[in-house]
Every structure is written in structure tokens, then in C-alpha cells.
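Following: one structure in C-alpha cells, then a few remarks.
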Amino acid sequence: MEEDVDEDEYTAAIEPPVPAGLAQLTGAQKILADFLHVDPHLLTAAARASGAAPSQAVDKDALAAWIRALPERDKDTLLLNAALGSAPQPGPALLARHRAASHGTAEPSTTTRRRSAAELLDAAHGVRNEHTQQQEQARAQARRAQQQARESHLDHLAENAERSWQDIADLIGQKQPGPYNAAVTLLKDLREVHDRAGTPEDFARRLHDLREQHRGKPSLMRRLTDSGLTAR
């Protein structure tokens, strides 16, 4: 779709005033953004020029003082309409007027210029790159954590190798598919432990003895073969 728009138009088009609170969308606003397929990276780029959303908390003392200062005619009209039910409940309207009056004295936005559409698109591209880098860093961190956990697991097996071989014997002795699978997994871990220690021949010897001992268990033999746990 962008190919149909002259590049100069992107440079000439200026972003609309950025509302406050754009970085903290309400649930309804998020649904609307999803429905309109608004690019989340573009939305993030636009929100970086947005101030904080006005507080929705009500200062009762300030509200009371503001109501006392209202002209008598306004108060009479509000009460009459409320009594006759000829207008919506005055509460929301009064709060809106109070907030508008309060925010009118707030510090002006620090944004001094509005960006062009081209600048917004460039900013969105930067946000997209930042997001991609963050995802890559998170994946790399997860891989490192998994590798550390794996190394810790193998270290534990290395320190308790004989106990692990006994666990394998106990699992095989149950003669059930689940324990067979667990035994195969443990054997593969022990093979890696021996490879790390530079003693693959020891593992091959013990695996050969195990296969000979349980050669009458075809289900186990099939699992060992499928997992590459064959005699070398």
C-alpha cells in the first residue's frame, strides 16, 4: 500500500497532536487498535511523544472548592435538571469539567514539534529493530540458562554415576513402557557424561553388558536402538 503514496507526501504529512496517556492504553483502546490493525511498533513510536495520562483519582477537597466557586446559576440549573430527570446525571459531566479546568493549569507538553509521517515511520522502524534485538537477547539468555541447567544436571550425574546406573537397572526391572523411556533418557545422559570425561569406551562396555543382560526384552531393545544406544 505504501508504494501508491509519493515519498514527498510522507515528508509533508504531519502527525496529529499526540494525546496524553498513549503509552498506557485502556482495554477498549487496545481492542480498537487491534481491530484497526495499527502497527504496534508505530504506536510505540508515537507514544514516545505522549505525556502521562491525567490521573483519574478525585481530590475531594479540590472538587468541593471548585463546586463552591461555580456560578449560582450553574448550580441551580444542575439541580433542576437532576430533579426533573431532564438531563443525564450531573456527576460525570461535573467531574469532566473539573478535570478539564484542573488540567488547563498543568505544565505544557515538552514536545516542541510534531513529526512528519516519514519521521514516524523511521521511528517505528527503530522500535521494530529494538524489539527484535530484545527478543534475540531474551532467546540467547534462555539458551544460556538452559545450557547451564544442562551442565549442572550432567555434573550431578558425573558425581553419582554408579547411583545412576543402579537407577537404570531399577527402571528396567519394572518392565513397563514409561520406566523404559526414563531409563533410555538416563542412558543418553550418561553417554554424554562419559563423552565429556573422555571415557566413551567405559560407557560402551557397560551399555554392551546391559544389552546382553536384557536382550530378551524386545520393547527395551527397540527403544535402545531407536535412540542410537547401540554397541560401538
| request: Evaluate the side-chain hydrogen bond (donor to acceptor under 3.5 Å, both in side chains) criterion for residues Glu130 and Gln134: first the C-alpha distance (whole Å), next the side-chain angles of each, then the deciding distance (0.1 Å), finally the verdict. | output: CA-CA 6 Å; Glu130 290 174 13; Gln134 290 170 356; 5.1 Å; no
| Test salt bridge (Lys or Arg N to Asp or Glu O under 4.0 Å) applied to Asp122 and Arg115, step by step | CA-CA 11 Å; Asp122 287 343; Arg115 297 162 292 183; over 6 Å; no
| request: Kindly indicate, with the supporting measurements, whether the criterion salt bridge (Lys or Arg N to Asp or Glu O under 4.0 Å) is fulfilled by Arg114 and Glu15. | output: CA-CA 6 Å; Arg114 285 153 58 184; Glu15 68 177 332; 6.0 Å; no
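There is no side-chain donor-acceptor pair under 3.5 Å between Gln166 and Glu162. Between the side chains of Gln213 and Asp209, no donor N or O sits under 3.5 Å from an acceptor N or O. Defined by atom type and a distance below 3.5 Å, a donor-acceptor pair is present between the side-chain atoms of Arg223 and Ser219.
Minimum interatomic distance between Lys188 and Ser227 (heavy atoms only, all atoms of both residues): CD-CB, 4.1 Å. Taking both residues in full, the closest heavy atoms of Ser164 and Leu186 are given as O-CD2, 3.6 Å, listed atom of the first, atom of the second, then distance. Closest of all the heavy-atom pairs between Ser116 and Ile14 is CA-CD1, 4.0 Å. Taking every heavy atom of both residues into account, Trp165 and Leu187 meet most closely at CZ3-CD2, 3.5 Å. Here the shortest heavy-atom pairing between Leu207 and Thr230 reads CD2-O, 3.8 Å.
Here CG of Leu120 is found 14.5 Å from NE2 of His41. Values are rounded to the nearest 0.5 Å. Put simply, CG on Leu154 and NE2 on His194 are 11.5 Å apart, with the number rounded to the nearest 0.5 Å. Summarising the geometry, atom NE2 belonging to His214 is positioned 9.5 Å from atom NZ belonging to Lys175; distances are rounded to the nearest 0.5 Å.
Lys217 places no side-chain N or O within 3.5 Å of a backbone atom of Arg211 that could act as its donor or acceptor partner. Between the Thr132 side chain and the Arg128 main chain, a donor and an acceptor come within less than 3.5 Å of each other.
Leu157 and Phe203 fall within a single hydrophobic cluster, where Ile, Leu, Val, Met, Phe, Trp and Tyr are joined by side-chain heavy atoms under 4.5 Å apart, directly or via other members. Both Leu190 and Leu224 are part of a single hydrophobic cluster, where members link through side-chain heavy atoms under 4.5 Å apart.
The pair Arg163-Asp167 meets the salt-bridge criterion, since a charged nitrogen lies less than 4.0 angstrom from a carboxylate oxygen.
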